[in-house]
Participant: 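Dumping the structure here so I can ask a few things about it.
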Amino acid sequence: MMHNEERTFIAIKPDGVIRGLTSTIIKRFEDKGYKIIGLKMLMVTNEMAAKHYEEHYGKPFYNRLIKYITSGPIVAMVIQGYNVIKGARQLMGATDPADAQVGTIRADFAQLKEYNVVHGSDCAESAEREIAIYFKPEELCTEWKNMAEIVTEKEDL
Ligand code: UDP
Ligand code: MG
């Protein structure tokens, strides 16, 4: 069987942070078993927002989208796991919360597609591109020991 371990970029958007949903949204991804390998809170600059959403430049919602994503802090994450790009999008639900399946983040915590609380990369190329906008390679924690190794090494406990 083929297992495809990937990384994706996730952001809790300003409405999610302001509404106190940070821990709840992170928990959805952690509970699935995805490994958080990068995490920070930041204000998105206009330059970063333009890079992130370049595919939407010129669309009717573009200006409002840039205003939204730069309107307050976001919590940016890189998560890793098997088929995580598709899996994270499944957990998020459809762009418009009204179309999202009940049980998904957007269905459970949002009402409008303009304020849909979470972002996740849509394909491998987007994931690499978006991770590079928000994280330097050295900001990602990729080498983890498991708990058994840590306990075994602690002979001075
Ligand atoms: N968006 C919007 N109006 C629209 C479509 C999208 O405000 O008609 C916003 C929404 O916040 C969405 C983001 O633009 O999450 C990016 O749109 P995309 O189609 O890439 O959706 P996503 O990948 O986030 O599900
Ligand atoms: Mg998208």
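Atoms within each ligand, like the ligands themselves, are counted from 1 in listed order. Just so it is clear, the model here is predicted, and its values are computed rather than measured.
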Participant: If you count heavy atoms of other groups shown closer than 6.0 angstrom to CD of Glu138, is the number above 12?
Facilitator: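 Yes, enclosed.
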Participant: Using a strict 4.0 Å threshold on nitrogen-to-oxygen distance, state whether Arg28 and Asp108 make a salt bridge.
Facilitator: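 The answer is yes: the pair qualifies as a salt bridge.
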Participant: Show me the donor-acceptor pairs within less than 3.5 Å that the side chains of residues 46-53 make with the rest of the protein, sequence neighbours left out.
Facilitator:
residue: His52; atom: ND1; partner: Tyr134; partner atom: OH; Å: 2.8
residue: His52; atom: NE2; partner: His119; partner atom: NE2; Å: 3.2

Participant: Does the distance from a Lys or Arg side-chain N to an Asp or Glu carboxylate O, for Glu5 and Lys35, drop under 4.0 Å?
Facilitator: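 So Glu5 does not pair with Lys35 through a salt bridge.
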Participant: What residue pairs, at least two apart or across chains, pass side chain to side chain donor-acceptor pair (under 3.5 Å) with a residue in residues 14-24?
Facilitator: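 Pairs touching residues 14-24 that pass the test: Asp15-Tyr68.
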Participant: Using the salt bridge (Lys or Arg N to Asp or Glu O under 4.0 Å) rule, collect all pairs that involve residues 59-69, keeping only residues at least two apart or in two chains.
Facilitator: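 Of all non-adjacent pairs touching residues 59-69, those that pass salt bridge (Lys or Arg N to Asp or Glu O under 4.0 Å) are Arg64-Glu114.
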Participant: Might you list the protein residues in contact with ligand 1, defined as having a heavy atom under 4.0 Å from one of its atoms, sorted by chain and number?
Facilitator: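 These residues qualify: Lys13, Tyr53, His56, Phe61, Leu65, Tyr68, Arg89, Thr95, Arg106, Lys113, Glu114, Asn116.
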